[in-house]
Amino acid sequence: FWLQIKPSVVVVGALPEPARRIDVPHGPAMQLKVILPSGEVNVPVEPNSTPGHLKENLKYSIRVPPKLIKLTCDGRELDDIKPLAGEPNNLKDGSVVLAEAREGVPEEPSPTQAAENKAIAQPTMIKKEEPPKPKKLKRDVVRPTVGEGDVVKKKVMVEGSAAWEPRFLEGRQRKRHMAFMKILAVEDKKSYPEQGEELVLALGDPQTSPVWTAAVSQMKVGEKALFSMSKKAVDFDPEGLNPTDGSSTWIIDLARIVEVDDIQQDFTRLLHIERSGGKERAEELDAVAVHWRARRWTAEGCFCIASSRERIAILPGYGLVPIEDQNAPPVKISVGEGQQEAIELIAMRCGPGGSGHMYLKSDAMKDNRPQGCVIIDVEVVGMDPCRGPGSPGWQGIQSVIHERDAADQWLEEADQRRKQLETFGTLRKSTSDSKDAESHVSEQVHKFANNAERRYRRALRWIKASGEADDKIKLLKATCQIRLAKSSTLAHQRFGEAAESEADEKEKTAITEALDLLKQVLVAADSSNNEDLKYQCLKMALQVHIQGEDVAEARKVLEQLANMRPDDDELKSDSARINRLEGALTLKKGANTIESVQRDLQAAISGEDKAKVSECIATLHDMIKGGQVTWDTVRTLKVGKDVGNAMKMGDADIAAAARKVVQEIQALAQRAGIGL
């Protein structure tokens, strides 16, 4: 599912709520023939599903609430809470089920019942397969300008009710005006949108034709007017947001003008807060209950393509289709974690009971959302008020454990992606086609580790603020400190080509802080004689020393671990990592050394100091033959060119020694070519 929020989709065959769960062995899906008032449809179901679930999917077809639907098979009414394939329903593959409204359903239902029936009778279908509108090939990359006679108001068909002043049309602005309207291309007899609500455009948007801004600026809200427009000026629509028909006559019905926030001040992400809701606002890492929906943003219409209210229903003429269930419960998100950016941003701007809409261009907030231009609708239902000791919702140690568990999930996600990068690095060298993928995974490691780090820090603040200090709390604190050390260093760890560069100040600071945290844990472990805690702490310290490229300290910690648990096979892998680190540091040192020797050789050749040239040539030979430098370093520095210049000095001994260096360079290149 989109956005990594998995709505609780009620499909035919899903289990009921835990309290009503009936343990029946799972079997292959059955096909039932369901006879509806409007016809029949074949429905795949799980044998352990219930008639109650089937009714939930049938209510949109029969247009009555589930409790008023009657299901029968061979004259027997099915038991709502018993499995379809079990007693007393005993359905099997191919069974015919008659679905109808119960006798005695009033022809004129009460107002409450009528409202419920209306909601059931008009579900919103989710068009998951609705692709983004293909971008129009630009014959002219320059946005047209509106000249005299390009947009002429011919007739007012319906007088408007409210005047407004066009503002925020050009340049970088914090606010924008959005126009909601209906448009008719008169000659082509084509309406926009084709169905649904209004067409939505940001006035002054450089990615839409300027004729719409020019026309709307001449209108009042509620006005309907006839315009003549230049076909050339109309034909500009790189994002698929406005009409581009060849019509020269247009009717515009301006429904409303709304002032919105331009988050980036470039028209790419526009936020409309429809209702502000309550006074309380979500803060970083707060849990918020929301309903969300994603709609395609096009001139033809804004179709729903994803929703947290998604359910599977049986509709006449369609069969099983995804729809929005207005009675679906809200889903929970955590704001500030960067997984559903648009939803999180709206949730932080609204209180409970509020709602908002984010209008996104195709290149805005691209992660975890459908491609193309979309509209994200969010309703904020409520939020978790727990922000530590003394706040509403504080449940003592359980709140801390819950926070630690959330951090653990992020840390596990980050660690899994770190392992992907390390495995990939051992299999092949990065190429141009893989660098982008590696960079993306590396960004995920850092983002997920940062989310874990923030939650561990919050858990530790809560522990400190609670004032509790029993053994259970001390162990929980130590565990959070170890994992904070891991997450904070992982959030800055270098991968791929970046691993060959020096650590920046942020990473060095994180490593220093991690080692300080681990020292505190070691003291706590020794005072409580907790050997398991001490071992975990030392293993984490080992990883931090390796990341900090401190080989000496890493070997000391490895020796301690080996004395404590000599049978731990993971220590062999850690020993190999230390050896690889030592080799890499040797090569890095060699790269610096060979560059210095190269400079000395260049100076000696220029000064015709043959003795110094011979000394430098011998040093280069020993370094290359001894594997102290890599082929990449030799090639990048163009060492071979300077060795060739030494051969041209006319000294036979120097020339002979230089030829040996050239042979070693060629051998080094061959080994590098086969991955050695």
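The first residue in the sequence is number 1, and the count goes up from there.
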> Are the side chains of L490 and V445 in touch, meaning some heavy atoms are under 4.5 Å apart?
Replying inline: yes

> For V260 and L271, which heavy atoms make the closest approach, and how far apart are they?
Replying inline: CB-O, 3.3 Å

> Would a 4.5 Å heavy-atom cut-off, applied to side chains only, mark K361 and C373 as touching?
Replying inline: yes

>> Between E513 and R457, does any side-chain N to carboxylate O distance fall below 4.0 Å?
In response: yes

> Going from OG on S308 to CD1 on I343, what distance comes out if it is rounded to the nearest 0.5 angstrom?
Replying inline: 7.5 Å

>> Taking P392's backbone N and O only, do any of them form a donor-acceptor pair with R387's side chain (distance below 3.5 Å, no angle check)?
In response: no

> Does a side chain donor of either E239 or T208 reach within less than 3.5 Å of an acceptor in the other side chain?
Replying inline: no

> Under the 3.5 angstrom rule, does the side chain of S442 hit a backbone N or O of E438 as a donor-acceptor pair?
Replying inline: no

>> Any side-chain to backbone donor/acceptor pair from W292 onto A342? Under 3.5 Å, distance only.
In response: no

>> Keeping R369 on the side-chain end and A364 on the backbone end, is there a donor-acceptor pair under 3.5 Å?
In response: yes

>> Given 3.5 Å as the limit, does a donor-acceptor pair link the side chain of E344 with the main chain of G338, or not?
In response: yes

> Step by step, would you call W462 with C386 a side-chain contact (heavy atoms from CB on, under 4.5 Å)?
Replying inline: CA-CA 11 Å; W462 289 358; C386 181; 4.2 Å; yes

> Do T249 and E187 pass the side-chain contact (heavy atoms from CB on, under 4.5 Å) test, and can you show the C-alpha distance, the side-chain angles, and the key distance before you say yes or no?
Replying inline: CA-CA 7 Å; T249 307; E187 286 89 347; 3.0 Å; yes

>> Using a 3.5 Å distance criterion without hydrogens, assess whether the side chain of Q218 forms a donor-acceptor pair with backbone atoms of A214.
In response: yes

> Under a 4.5 Å cut-off applied to non-hydrogen side-chain atoms, are K447 and Q339 in contact?
Replying inline: yes

> Roughly how far apart are L184 CG and Y192 OH, rounded to 0.5 Å?
Replying inline: 10.0 Å

>> Run the side-chain contact (heavy atoms from CB on, under 4.5 Å) test on V158 and D253 for me, step by step, so that the C-alpha distance in whole Å, both residues' side-chain angles and the decisive distance to 0.1 Å come before the verdict.
In response: CA-CA 9 Å; V158 177; D253 187 353; over 6 Å; no

>> I'd like to know if D262 and K175 make a salt bridge, using a cut-off of under 4.0 Å between side-chain N and carboxylate O.
In response: no

> Counting only heavy atoms not in H446, do more than 12 sit closer than 6.0 Å to its NE2 atom?
Replying inline: yes

> For R293 and T124, what are the C-alpha separation, side-chain angles and deciding distance, and is it a side chain to side chain donor-acceptor pair (under 3.5 Å)?
Replying inline: CA-CA 11 Å; R293 171 200 286 168; T124 299; 4.6 Å; no

> Can you find a pair of side-chain heavy atoms, one from W250 and one from V211, that are under 4.5 Å apart?
Replying inline: no

> Going by heavy atoms in the side chains, are V290 and V331 under 4.5 Å from each other?
Replying inline: yes

>> Could you check whether E379 pairs with R309 (Lys NZ or Arg NE/NH1/NH2 to Asp/Glu carboxylate O, under 4.0 Å)?
In response: yes

>> For the residue pair E337 / W410, report whether a side-chain donor-acceptor contact shorter than 3.5 Å exists.
In response: yes

> Rounded to the nearest 0.5 Å, how far does NZ of K154 lie from CE of M229?
Replying inline: 12.0 Å

> Would you say R494's side chain and D504's backbone share a donor-acceptor pair under 3.5 angstrom?
Replying inline: no

> Think R256 forms a cation-pi with F180, using NZ or CZ under 6.0 Å from the six-ring centre and within 45 degrees of its axis?
Replying inline: yes

> Taking side chain as C-beta onward, heavy atoms only, is Y456 less than 4.5 Å from L411?
Replying inline: yes

> Is the closest side-chain heavy-atom distance between I251 and V186 below 4.5 Å?
Replying inline: yes

>> If I take atom CG from residue D408 and atom CG from residue D415, how far apart are they, to the nearest 0.5 angstrom?
In response: 11.5 Å

>> Using modelled atom types and a 3.5 Å cut-off, is there a donor and acceptor pairing between side-chain atoms of E56 and backbone atoms of P66?
In response: no

> Of the non-hydrogen atoms in P206 and F267, which two are nearest, and what is the gap between them?
Replying inline: CD-CD1, 3.5 Å

> Taking all non-hydrogen atoms of both residues, which atom of V288 and which atom of A282 are closest, and how far apart?
Replying inline: CG2-CB, 3.7 Å

>> Atom CD of residue position E197 - does it have more than 12 heavy atoms of other residues, nucleotides or ligands inside 6.0 Å?
In response: no

> When rounded to the nearest 0.5 angstrom, what is the spacing between CE in M178 and CD in E198?
Replying inline: 11.5 Å

> What's the spacing between E194 CD and L199 CG if we round to 0.5 Å?
Replying inline: 11.0 Å

> Could E223 and K153 be called an ion pair, given the rule that one side-chain N must be under 4.0 Å from one carboxylate O?
Replying inline: yes

>> Against D261, only a single residue in R176, R174, R349 fulfils salt bridge (charged side-chain N to carboxylate O under 4.0 Å, His left out); can you say which?
In response: R349

> How far apart are the C-alpha atoms of D363 and T268, what are their side-chain angles, what is the distance that settles it, and do they pass the side-chain contact (heavy atoms from CB on, under 4.5 Å) test?
Replying inline: CA-CA 8 Å; D363 291 329; T268 60; over 6 Å; no

> Would you find a donor on one side and an acceptor on the other, under 3.5 Å apart, between the side chain of D237 and the backbone of N242?
Replying inline: yes

>> Is the shortest side-chain heavy-atom distance between I376 and W297 below 4.5 Å?
In response: no

>> Quick check: closest heavy atoms across K220 and L254, and the distance to 0.1 Å?
In response: O-CD2, 3.6 Å

> Where do G336 and R454 come nearest, in terms of heavy atoms and distance?
Replying inline: O-NH2, 2.6 Å

> Between the side chain of S209 and the main-chain N/O of F236, is any donor-acceptor distance below 3.5 Å?
Replying inline: no

> Which pair of heavy atoms, one from I375 and one from C302, lies closest together, and at what distance?
Replying inline: CD1-SG, 3.7 Å

